[in-house]
Structure formats: structure tokens, C-alpha cells
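We count ligands from 1, going down the list as the structure has it; atoms in each ligand are counted the same way. All values derive from a computational prediction rather than experimental measurement.
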Amino acid sequence: MSEIIKTDVIIVGAGPCGLFCVFELGLLDMKCHLVDILDRPGGQCAELYPEKPIYDIPAWPVITGQELTDRLMEQIAPFDPQFHLGQMAEKLEKTDEGLWRLTTDHGTVLEATCVVIAAGGGSFMPKKPPVPAIEDYEGTSVFYSVRKIENFRDKNLVIVGGGDSALDWTMALEPVAKRVTLIHRRDQFRAHADSVNKIMALREQGRIDFQIGQVKELRGENGQLSSIGVLDGEKNMVDIDCDNLLPFFGLTMKLGPIADFGLNLHENLIPVDTEKFETTTAGIFSVGDINTYPGKLKLILSGFHEAALMSRQAFRYCHPDARLKFEYTTSSTNLQTKLDVK
Ligand SMILES: Cc1cc2nc3c(=O)[nH]c(=O)nc-3n(C[C@H](O)[C@H](O)[C@H](O)COP(=O)(O)OP(=O)(O)OC[C@H]3O[C@@H](n4cnc5c(N)ncnc54)[C@H](O)[C@@H]3O)c2cc1C
């Protein structure tokens with residue numbers, strides 16, 4: 001077994017809610033280690049919609065998914081959180097000393113007094129189109145998400161799908177790409193009416209191409225696509241120049257190993273109480289999209305509130321002999337010292 005890393009709280013998931021837990025726990029003198037399968041923090045915000053604007057974060061009239069992640073990272077920096085990225089939290093067990101031991105698929109072993117499950121929708125995986133050898137092009141020419149619009153400048157792009165993601169990205173990438181072709185198996189979309197109208201307008205203005213059909217062949221060399229073959233509505237094979245293929249067929253969310261953590265689950269969500277956001281297992285908490293309680297709203301701001309209440313109960317486990325005080329950051333010298341602003 002590798003060297004055991006000891007901390008106060010292990011957070012599974014470095015999405016926005018997991019990140020904000022570091023802040024609330026830090027104010028109450030608890031150190032955190034975070035584990036995330038993704039190679040960077042931010043969860044859905046950074047992975048699925050880094051450049052999309054969010055309009056319902058308090059005091060930020062508009063902020064993109066990536067900016068929110070960056071601001072959270074800045075806010076938690078004084079508490080020096082330790083990240084174990086690109087690792088899946090695989091096994092959770094109780095030690096003889098009464099600590100929680102979490103092991104990742106990379107063999108990292110962490111022990112802590114408390115664990116916060118902030119795993120969102122679990123490990124999310126894109127649904128892939130059934131095209132032969134698509135994996136040979138993944139990450140070089142085929143992408144299931146857009147991390148940086150600039151990477152697609154002056155490219156022949158083919159976007160596949162009929163939902164909001166496909167239409168949104170067609171609109172967002174059209175101004176930078178050399179040419180965008182949108183492919184869907186029929187002439188109707190499952191997206192917001194406003195987006196459908198805008199796509200129709202782009203088509204009529206000749207600014208994008210639209211092709212009914214299904215992608216059947218990928219052609220290229222060394223992971224670089226040059227064209228694709230599409231079987232159209234009349235069963236003819238149509239060739240389309242293509243540097244990058246962006247299929248948006250939705251995501252499957254898999255709870256993954258968390259299902260085997262021995263926690264009480266309800267429809268793949270973790271029931272918690274709304275006073276402490278603790279699961280039915282003492283010392284294990286859950287915040288953000290993965291938890292459930294009456295009235296739960298899967299919004300980022302809900303997770304922020306949950307983090308604050310969770311931290312107060314975690315404090316009782318981590319500092320059983322200390323008195324829990326309620327303090328404002330505006331007026332507490334104690335909190336300001338921890339935040340390094342005094
Ligand atoms: C397109 C889109 C637009 C949205 N717009 C808004 C909006 O405008 N306003 C709003 O409030 N919300 C919005 N949401 C929802 C918002 O993104 C979620 O509520 C939020 O991301 C939940 O945060 P979280 O930290 O709970 O989980 P997530 O962001 O899902 O992060 C969970 C993290 O846990 C990791 N993880 C899961 N299982 C494991 C494991 N076993 N080991 C290690 N890591 C693991 C995942 O990799 C992930 O990084 C939107 C969502 C989408 C998809």
C-alpha cells in the first residue's frame with residue numbers, strides 16, 4: 001500500500017460544490033484533500049460548459065463555467081487544498097481507528113475524519129455514435145466537448161446531433177470555423193425553439209450547411225480526419241470535408257464505485273438530512289447534485305448553502321473538544337486571519 005495521506009476531510013468531486021466545501025471547511029479549521037476523475041477542477045462547469053454564461057450565481061449577473069471555477073479556486077487558495085486529479089475514488093472503508101480510508105484507482109490512499117461526497121452526476125461519459133474506428137480519432141479530431149473555441153478556428157467542422165448542445169455549439173463555432181456542417185438524422189430538432197429558429201436562419205443565410213443523415217465512415221491518417229461519409233435520407237453516401245467531428249449525443253452519468261461505498265441510495269442519489277447534509281452513515285456527508293432531500297434543486301447555489309451547513313457538523317467530528325462559534329467574515333479578525341486578508 002502506498003503511503004497513507006492523512007487529512008481532516010476528503011472531498012470526492014472537485015465540481016463547484018466540492019470546491020466551495022473547501023472554503024466553508026477551511027473557515028472552521030479543517031484541511032481538505034479532493035479527488036476527481038477529471039484532470040482539472042470545475043466538474044460540469046469546466047467540462048461541459050466552460051464558455052457558457054451562467055446567470056444565477058448570486059452577485060455575478062453573468063459568469064462563464066470556467067470563470068466561476070477560476071474564482072472558486074482563487075477563493076479557496078488560502079486553505080491550500082490538495083488535489084488528486086485524474087483519479088477515481090474507488091473504495092471507502094472504515095479503519096480500526098474510526099477514520100475513513102479512501103483508495104483511488106491510482107492507489108492513492110487517504111484517511112480522514114469525514115468524507116464529503118460531492119460527485120455530481122457521478123462520472124459522466126459522452127454517448128458515442130456507432131462509427132467504426134472512432135476511438136482512433138478521439139482527442140485529436142473527434143471531441144465530445146468544446147474546451148476552447150479558439151482551437152476550432154478556420155477548421156472544417158462537422159457537428160452531429162439534434163439537441164441543445166449540438167445547436168448551441170453550431171451557433172457558437174460558426175463565426176470562427178472555416179465551415180460548419182450540422183448533421184442530424186431528421187429535419188426536426190429537440191432543442192429550444194429560439195435556438196432552432198436561429199439555426200434555420202443561419203441555414204437560410206448560407207452561413208452553415210445542414211445534412212440529414214448518419215455518420216458512417218471516418219477517413220484520415222494518424223488520428224487526423226480529412227473527410228467523413230454520411231448516409232443521407234435517400235441512402236446515398238455523401239462525402240463531407242471534415243477536420244474535426246463534434247458528436248453531441250448527450251451524456252450518460254454513471255454513479256460508478258460510489259454505489260459500492262455502502263451508503264444508503266435512492267434512485268442513484270444520496271439521501272441527506274437538511275440540517276447537516278449528512279448521509280445515514282455518520283461522518284459521511286453529501287452536497288451538490290448527487291444528494292437528495294425534499295425540495296432539492298440541482299443548482300450550484302444550493303450546493304453552496306449545503307456546504308456551509310455540512311461544515312458545522314464536520315467541525316463537531318474533527319474538533320470534538322472545541323466550541324463552534326458563528327462568525328461573519330466581515331467582522332471576525334479570526335476568519336480574516338485565516339483568509340490572509342488581515
Ligand atoms: C449545460 C449545463 C448548464 C447548466 N447551467 C446551470 C446554471 O445556469 N445554473 C446552475 O446553478 N446550474 C447549472 N447547471 C448545473 C450545474 O452545473 C450543476 O448543478 C453543478 O455542476 C453541480 O455541481 P457539483 O459540484 O455537485 O457536481 P459536478 O459539477 O457534477 O462535479 C462532480 C465532480 O465529481 C467527480 N466525480 C464523480 N464521481 C467520482 C469518483 N468516483 N471519483 C472521483 N471523482 C468523481 C466528477 O468527475 C465531477 O468533476 C448546468 C448544467 C449543465 C450540464
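Those atoms of ligand 1 that come under 4.0 Å of a heavy atom in G288, given as number and element, are 26 (O). The distance from ligand 1 to the heavy atoms of G43 drops below 4.0 Å at these ligand atoms: 29 (O), 31 (O), 48 (C), 49 (O). Proximity to K298 (heavy-atom distance under 4.0 Å) selects the following atoms of ligand 1: 19 (O). Annotation for ligand 1: atoms under 4.0 Å from non-hydrogen atoms of A89 are 40 (C), 41 (N), 42 (N), 43 (C). Applying the 4.0 Å criterion to heavy atoms of G121 picks out, from ligand 1, the atoms 30 (O). Short contacts between ligand 1 and I54, defined as distances under 4.0 Å to a heavy atom of the residue, involve ligand atoms 7 (C), 8 (O), 9 (N). Atoms of ligand 1 found under 4.0 Å from any heavy atom of L48 (numbered from 1 in listed order, with element): 53 (C). Close approach of ligand 1 to G13 is summarised as follows: ligand atoms under 4.0 Å from at least one heavy atom of the residue are 33 (C), 34 (O), 35 (C).
Residues K198 and H192 have side chains not in contact (no heavy-atom distance under 4.5 Å, counting atoms from C-beta outward). By the 4.5 Å heavy-atom criterion applied to side chains, T279 and I117 are not counted as neighbours.
Considering backbone and side-chain N/O of I300, one or more are found under 3.5 Å from N/O of ligand 1. Considering backbone and side-chain atoms together, C17 places an N or O closer than 3.5 Å to an N or O of ligand 1. The shortest N/O to N/O separation between Q44 and ligand 1 falls below 3.5 Å. Of the N or O atoms in K52, none lie within a sub-3.5 Å distance of an N or O in ligand 1.
Here E51 does not pair with K148 in a salt bridge; the nearest charged N to carboxylate O distance is not below 4.0 Å.
Summarising the geometry, atom CZ belonging to R179 is positioned 14.0 Å from atom CG belonging to D243; distances are rounded to the nearest 0.5 Å.
Residue contacts with ligand 1 include P16, since one of its heavy atoms falls under 4.0 Å from the ligand. Under the 4.0 angstrom criterion for non-hydrogen atoms, Q87 is in contact with ligand 1.
Counting heavy atoms of neighbouring residues, nucleotides and ligands inside a 6.0 Å radius, atom NE2 of H106 exceeds 12 of them.
Distances from atom 5 (N) of ligand 1 to the heavy atoms of Y49, F304, F261 put Y49 nearest. The heavy atom nearest to atom 46 (C) of ligand 1, out of those in D36, I37, I11, is found in D36.
Using a distance-only test at 3.5 Å, with no hydrogens or angles considered, no donor-acceptor pair links the side chain of K178 to the main chain of L157. The backbone N or O of S141 lies less than 3.5 Å from no partner atom in the side chain of Q224, so there is not a single donor-acceptor pair.
Of the residues listed (V215, V230, T181, I228), the one engaging V160 in a side chain to side chain contact (heavy atoms under 4.5 Å, CB included) is V215, and it is the only one. Only one option out of I183, D187, L202 pairs with F210 in a side chain to side chain contact (heavy atoms under 4.5 Å, CB included); it is D187. Considering D39, D36, V35 as possible partners of Q87, the one that fulfils the side chain to side chain contact (heavy atoms under 4.5 Å, CB included) test is V35.
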Chi angles and distances behind the ring-ring contact (aromatic ring centres under 6.0 Å, His included) call for F23, F304: CA-CA 10 Å; F23 184 81; F304 290 173; 9.9 Å; no
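Counting heavy atoms under 4.0 Å from ligand 1, residue A118 touches it through the backbone alone.
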